[in-house]
Amino acid sequence: MARILVLGAGFAGLWAALGAARKRDEIGARAVDTEILVVDRNAYHNIRVRNYEVDLGDVALPLKDLLDPVDVRHRVAEVAAIDPATRAVTIKTGAGAEVLSYDRLVLTTGSELVRPAISGLAAHGFDVDTYEAAMRLDAHLAALGKQPPSEARASVAIIGAGFTGIEVAAEMPAKLAHAGITGDHRVILIDPNPVVGATFGALGRPVISEALATLGVETRLNVRVRAVGAVSITLDSGEIIPTKTVVWCAGMRASPLAASLPARRDALGRIKVDHTMRVEGLPDVFAAGDVAACLIDGEHPTVMSCQFARPMGRFAGHNVVADLFGEKLLPLNIDWYVTVLDLGAWGALYTTGWDREVHTTGAAAKLTKQTINQQRIYPPRNGDRAALLAAAAPTIQTAPPTKS
């Protein structure tokens, strides 16, 4: 029996598994005995892009509800090593190490936050990189809400003024209120760049600045963090900010497993793949999502976002089965790019194109963001096999419409 091994159950991994199941069904009797096995450290699919939000009650979806209906197996384990020469993957569980063989591999282990060796960061810092980390931050804020008022209790320092840092900062006033930290508070966004949202370009930055100012978010730019303590953070400017909550949002890098493969990688550690999601030089290995990089329109590399991870996963899943059974592979080409940045109670910013021209702002853009976060990026959840397989078709969605 042939085995397709999917490593990771994030946006790319989930859709790769569903896409593979769909193609297996399409092939029919020849493929019926092909096993599709997903390995992830968690038993759930995290809607990771929502980890900054106030309500985390609907961001961890049990894999059994999504994969069991389409006959995809899944195991909870850590992936320790990949050996493409022998087509073997070593995993680790509570029972010890185990080696899994494969006929085709799909690497979708995603990205992770870069955590530099800053004094006190590991002991006192928080993040929203994973569901577990986001829940830990919320528990921390809830505990602070029961403490006596103080400046450090009501102040939050967010490090990194990129996409995630901005969204965390914009949502933080609501998160503080939800935790019972009412009255005066401070939210400080810190970044070594001279501007907030350096990658957004000149067109969107004024909108971001307006929103943050309206929300009362302070900024500290052109500075780096020197040390993180239990009740304060020290900047290299010499400023000491009283705070019991430091949220690290600075920098992402591909999963370290990418470095274990003999393949070309980019500056973010992502494996180079062609438009079928096959890893260059490794014919039995495909990769998708944040761990992979593809010149998606022939010019621009994919971005670490669910906007690219989901279709990359669908095509990888389709193609890995097609390749196994000698059928034609489908190339993935995406000719549009948008960003929809959540700006908390102020609204949102919707930009189009690689130059990020402003499309919609405020309440209208917020409705689009809510549709994306609460509907568009979710798989069918009623356990219906046909619906799950239909959603995994190797097609490209159109850009999200403006809501009004």
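Without hydrogens or angle criteria, Thr108 side chain to Gly8 main chain gives a donor-acceptor distance under 3.5 Å. Side chain of Trp346 to backbone of Ala213: no donor-acceptor contact under 3.5 angstrom is found. The main-chain N or O of Ala85 is found under 3.5 Å from a side-chain atom of Asp83 such that the two form a donor-acceptor pair. One N or O on the side chain of Arg3 and one on the backbone of Ser101 form a donor-acceptor pair closer than 3.5 Å. Counting only distance, with no hydrogens or angles, the side chain of His45 and the backbone of Leu61 share no donor-acceptor pair below 3.5 Å. No donor-acceptor pair closer than 3.5 Å links the side chain of Arg104 to the backbone N or O of Phe286. For Arg385 (side chain) and Pro69 (main-chain N/O), a donor-acceptor pair under 3.5 Å exists by modelled atom type. A donor-acceptor contact shorter than 3.5 Å links the side chain of Asn319 to the backbone of Leu330. Of the possible donor and acceptor atoms, none in the side chain of Asp355 sits under 3.5 Å from a partner among the backbone N and O of Glu357. Checked by atom type and distance alone, the side chain of Glu98 never pairs as donor or acceptor with a backbone atom of Thr93 at under 3.5 Å.
Between the OG1 atom in Thr371 and the CD1 atom in Ile377 there is a gap of 11.0 Å [rounded to 0.5 Å]. Rounding to the nearest 0.5 Å places OH of Tyr378 at 12.0 Å from CG of Leu14. Here the straight-line distance linking atom CZ of Arg265 with atom CD of Glu280 works out to 12.0 Å at 0.5 Å rounding. Note that OG1 of Thr164 is 8.5 Å distant from CG of Leu113, once rounded to the nearest 0.5 Å. Note: Ile159 CD1 to Ile118 CD1 = 8.0 Å, rounded to the nearest 0.5 Å. To the nearest 0.5 Å, atom CZ of residue Arg87 and atom CG of residue Leu100 are 15.0 Å apart.
Qualifying side chain to side chain donor-acceptor pair (under 3.5 Å) partners for Asn373, counting only residues two or more places apart in sequence or in other chains: Tyr52, Glu53. Leu221 meets the side chain to side chain contact (heavy atoms under 4.5 Å, CB included) test with Asp191, Val196, Thr219; sequence neighbours excluded. For His300, the ring pair (Phe, Tyr, Trp, His ring centres under 6.0 Å) test picks out Trp354, with sequence neighbours left out. For Arg153, there are no side chain to side chain donor-acceptor pair (under 3.5 Å) partners at least two apart in sequence or on another chain.
Side chains of Arg381 and Asp65 form no contact here, defined as non-hydrogen atoms less than 4.5 Å apart. Looking only at side-chain heavy atoms (C-beta outward), Ile372 and Gln370 stay at 4.5 Å or farther from each other. Between Arg186 and Ile241 the shortest side-chain heavy-atom distance falls below 4.5 Å. In this structure, Ser305 and Phe11 have side chains that are not in contact, with every pair of non-hydrogen atoms separated by 4.5 Å or more. Residues Arg50 and Gln374 have side chains in contact (heavy-atom distance under 4.5 Å, counting atoms from C-beta outward). Side-chain atoms of Trp248 and Pro116, non-hydrogen and from C-beta on, do get closer than 4.5 Å to each other. Side chains of Val59 and Asn46 form a contact here, defined as non-hydrogen atoms less than 4.5 Å apart. Leu7 places a side-chain heavy atom less than 4.5 Å from the side chain of Ile82.
Within a 6.0 Å radius of CD in Glu26, other residues, nucleotides and ligands contribute more than 12 heavy atoms. The neighbour count for Asp184 CG, taken as heavy atoms of other residues, nucleotides or ligands under 6.0 Å away, does not exceed 12. The environment of CD in Gln147 is crowded: more than 12 heavy-atom neighbours from other residues, nucleotides or ligands sit within 6.0 Å. Within 6.0 Å of CZ in Arg205 there are more than 12 heavy atoms belonging to other residues, nucleotides or ligands.
Sorted pairs that involve residues 202-224 and meet ring-ring contact (aromatic ring centres under 6.0 Å, His included), not counting sequence neighbours, are lacking altogether. Sorted by first and then second residue, the ring-ring contact (aromatic ring centres under 6.0 Å, His included) pairs involving residues 158-183 (not counting sequence neighbours) are Phe163-Phe200.
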Leu332/Met312 under side chain to side chain contact (heavy atoms under 4.5 Å, CB included): CA gap, chis, key distance, verdict: CA-CA 7 Å; Leu332 172 62; Met312 290 172 79; 3.8 Å; yes
Pair Asn51-Asp129, side chain to side chain contact (heavy atoms under 4.5 Å, CB included): steps then yes or no: CA-CA 7 Å; Asn51 286 348; Asp129 193 38; over 6 Å; no
Step-by-step side chain to side chain contact (heavy atoms under 4.5 Å, CB included) determination, Val38 to Val72: CA-CA 7 Å; Val38 176; Val72 171; 3.7 Å; yes
Evaluation steps, side chain to side chain contact (heavy atoms under 4.5 Å, CB included), between Val89 and Val39: CA-CA 10 Å; Val89 171; Val39 178; over 6 Å; no
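A salt bridge links Lys175 with Asp138; the closest basic N to acidic carboxylate O contact falls under 4.0 Å. Under 4.0 Å is where a charged nitrogen must lie from a carboxylate oxygen, and between Glu78 and Lys92 no such pair does. Contact check on Arg41 versus Glu132 returns no salt bridge, with no Lys/Arg side-chain nitrogen under 4.0 Å from an Asp/Glu carboxylate oxygen. Using a cut-off of 4.0 Å between Lys/Arg side-chain N and Asp/Glu carboxylate O, Arg270 and Asp266 are scored as salt-bridged.
Arg24 approaches Val321 most closely through the heavy-atom pair N-CG1, 4.0 Å. In plain terms, the two heavy atoms of Val291 and Leu107 that are nearest each other are CG1-O, 3.4 Å. Considering every non-hydrogen atom in both Thr368 and Pro401, the closest pair reads OG1-O, 3.2 Å. Arg314 approaches Ala393 most closely through the heavy-atom pair CD-O, 3.2 Å. Among all heavy-atom pairs drawn from Asp127 and Ala133, the shortest one is OD1-CB, 3.1 Å. The shortest heavy-atom contact between Gly160 and Leu189 is O-CD1, 3.6 Å.
Remark: the Ser111 side chain and the Arg48 side chain contain an N/O donor-acceptor pair separated by less than 3.5 Å.
Tested against Arg356 for a side-chain contact (heavy atoms from CB on, under 4.5 Å), the candidates Thr199, Leu341, Leu203 yield a single pass: Thr199.
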